[in-house]
Amino acid sequence: MSENTRYQYGLTPTEFVKANPEEYIIPDCLEACKILWEKGIDTTQCSNYDDHGIRYVEIDIATLSKENSSFFYEQFNNNVVGFSIGGMTHNPRIYVDCEGEEAKTRLCELAQMFSLQDTNEYWTVEDYLDSYRRTNGNYIVLSNGNLQRDINPDYANATLADALDARDEWELYVEEEGRIYKSRDALEKHHEYLERINKIEKKNV
């Protein structure tokens with residue numbers, strides 16, 4: 001497989017990309033992606049060699065913290081060069097109008113501007129239990145016209161333990177934080193965040 005066709009994948013789950021990034025991401029964008037990942041920020045897609053004259057890294061807006069989201073949109077709304085919105089996805093992007101080593105350097109500079117963040121991919125105990133109690137409930141129409149499951153009488157008195165047992169998700173529950181993480185990947189990102197914060201605090205002592 002030639003280098004020019006090697007990186008032409010569709011949208012791929014971040015955990016697969018992180019496990020073998022050199023397979024999916026061209027060198028121009030790879031280091032910027034790694035910087036974002038180190039900050040707890042997920043990416044969705046990047047340029048390949050078909051994008052002549054530009055290089056970009058797209059960020060998963062659903063996993064972006066409020067702080068980083070505010071930072072990005074402040075730059076974007078002020079027309080700061082290097083910050084744009086993906087055409088079809090509407091995800092935030094960092095981009096540069098160049099290729100090769102220059103693109104690599106400049107994308108890394110943009111990626112470094114974001115802050116270290118914790119994952120937001122978790123339920124509070126209250127939301128988790130509310131979701132479980134609506135399992136197979138009848139649909140109701142909300143005031144905005146959207147549909148939502150109503151509380152199922154069979155689950156109305158369910159406890160958190162009942163919900164965790166039924167969904168087999170005890171390993172995702174962190175009692176002292178009052179959080180149930182939405183996946184093993186999300187829990188791992190949270191642990192990585194805590195480790196980085198701990199290292200920073202030790203350096204500042």
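Quick note: residue numbers are just sequence positions, from 1. None of these values were measured; they are calculated from a predicted model.
One hydrophobic cluster, built from ILVMFWY side chains closer than 4.5 Å, holds both I85 and V96. Following chains of ILVMFWY side-chain contacts shorter than 4.5 Å, one cannot reach L164 starting from L129, and the two form parts of different hydrophobic clusters. A continuous path of ILVMFWY side-chain contacts below 4.5 Å connects L30 to Y24, so both sit in one hydrophobic cluster. Hydrophobic cluster membership differs between Y193 and I41, with clusters built from Ile, Leu, Val, Met, Phe, Trp and Tyr side chains linked at under 4.5 angstrom.
No more than 12 heavy atoms of other residues, nucleotides or ligands sit less than 6.0 Å from atom CG of N157. Under a cut-off of 6.0 angstrom, the local environment of CG in N198 is crowded, with over 12 non-hydrogen atoms contributed by other residues, nucleotides or ligands. Within a 6.0 Å radius of CZ in R184, no more than 12 heavy atoms belonging to other residues, nucleotides or ligands are found. With a 6.0 Å radius and a threshold of 12 heavy atoms from other residues, nucleotides or ligands, N77 has its CG atom above the threshold. Counting heavy atoms of neighbouring residues, nucleotides and ligands inside a 6.0 Å radius, atom OH of Y73 exceeds 12 of them.
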Check: When you look at L107 and C29, which way does the side-chain contact (heavy atoms from CB on, under 4.5 Å) test go after all the steps?
Finding: CA-CA 7 Å; L107 281 174; C29 302; 4.0 Å; yes
Next item on the list: Begin with the C-alpha distance, continue with both residues' side-chain angles, and end with the deciding distance and a verdict on side-chain contact (heavy atoms from CB on, under 4.5 Å) for F83 and I94.
Entry: CA-CA 5 Å; F83 298 86; I94 53 174; 4.2 Å; yes
Checklist line | Stepwise side-chain contact (heavy atoms from CB on, under 4.5 Å) test for D130 and I151 | finding: CA-CA 8 Å; D130 180 73; I151 298 294; 4.0 Å; yes
Next item on the list: Would you check, one step at a time, whether the test side-chain contact (heavy atoms from CB on, under 4.5 Å) holds for V57 with L110?
Entry: CA-CA 10 Å; V57 174; L110 292 169; over 6 Å; no
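Annotation: the span from Y49 atom OH to I26 atom CD1 amounts to 5.0 Å, rounded to 0.5 Å. Expressed to the nearest 0.5 Å, how far CD1 of I25 lies from OG of S47 amounts to 11.0 Å. Note that OG of S69 is 10.0 Å distant from CG of N120, once rounded to the nearest 0.5 Å. Summarising the geometry, atom CD belonging to E169 is positioned 8.5 Å from atom CD belonging to E171; distances are rounded to the nearest 0.5 Å. Rounded to the nearest 0.5 angstrom, R149 CZ and R134 CZ are separated by 11.0 Å. Here CG of L116 is found 5.5 Å from CD1 of I200. Values are rounded to the nearest 0.5 Å.
Considering only residues two or more places apart in sequence or on other chains, K18 meets the salt bridge (Lys or Arg N to Asp or Glu O under 4.0 Å) condition with D42. Every residue meeting the salt bridge (Lys or Arg N to Asp or Glu O under 4.0 Å) condition with D28, not counting sequence neighbours, appears here in chain and number order: R55. For Y95, there are no ring pair (Phe, Tyr, Trp, His ring centres under 6.0 Å) partners two or more places apart in sequence or in a different chain. E188 meets the salt bridge (Lys or Arg N to Asp or Glu O under 4.0 Å) test with no other residue; sequence neighbours excluded. Residues forming a salt bridge (Lys or Arg N to Asp or Glu O under 4.0 Å) with D150 (at least two apart in sequence, or on another chain): none. Contacts of N78 classified as side chain to side chain contact (heavy atoms under 4.5 Å, CB included), with partners at least two apart in sequence or in another chain: E74, V80. Listed by chain and number, the residues in a ring pair (Phe, Tyr, Trp, His ring centres under 6.0 Å) with F114 are F71 (sequence neighbours excluded). With sequence neighbours excluded, no residue satisfies side chain to side chain donor-acceptor pair (under 3.5 Å) with S70. Residues that satisfy the side chain to side chain contact (heavy atoms under 4.5 Å, CB included) test with E177, not counting sequence neighbours, are V174, R179, Y181, H190, L194.
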For residues 58-66, which side-chain N or O atoms pair as donor and acceptor with protein atoms under 3.5 Å away, sequence neighbours left out?
unit_1, atom_1, unit_2, atom_2, d
E58, OE1, Q45, NE2, 3.4
E58, OE1, T89, OG1, 3.2
E58, OE1, R93, NE, 2.7
E58, OE1, R93, NH2, 3.1
E58, OE2, T44, OG1, 3.1
E58, OE2, Q45, NE2, 3.4
E58, OE2, T89, OG1, 2.8
E58, OE2, N91, ND2, 3.4
D60, OD1, A62, N, 3.1
T63, OG1, D60, O, 3.1
S65, OG, N68, N, 3.1
S65, OG, N68, ND2, 3.4
S65, OG, Q117, OE1, 3.2

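Put simply, the side chain of D51 gets close to the backbone of N48: a donor and an acceptor are under 3.5 Å apart.
The heavy-atom pair separating R167 from S131 by the smallest distance is NH2-OG, 3.3 Å. Closest approach of A111 to K39, counting heavy atoms only: O-CE, 3.5 Å. Taking both residues in full, the closest heavy atoms of E67 and S115 are given as OE2-OG, 3.1 Å, listed atom of the first, atom of the second, then distance. When every heavy atom of A19 is checked against every heavy atom of P21, the shortest pair comes out as C-CD, 3.7 Å. Looking at every heavy atom in both residues, L160 comes nearest to I180 through CD1-CD1, 4.3 Å. Taking both residues in full, the closest heavy atoms of G40 and R196 are given as N-NH1, 4.3 Å, listed atom of the first, atom of the second, then distance.
Looking only at side-chain heavy atoms (C-beta outward), V17 and W37 come within less than 4.5 Å of each other.
Other residues sharing a hydrophobic cluster with L147 under the 4.5 Å side-chain heavy-atom criterion for ILVMFWY residues are Y139, V141.
Evaluation of the ring-ring contact (aromatic ring centres under 6.0 Å, His included) test over residues 142-177, restricted to residues two or more places apart or in two chains, returns Y132-Y155.
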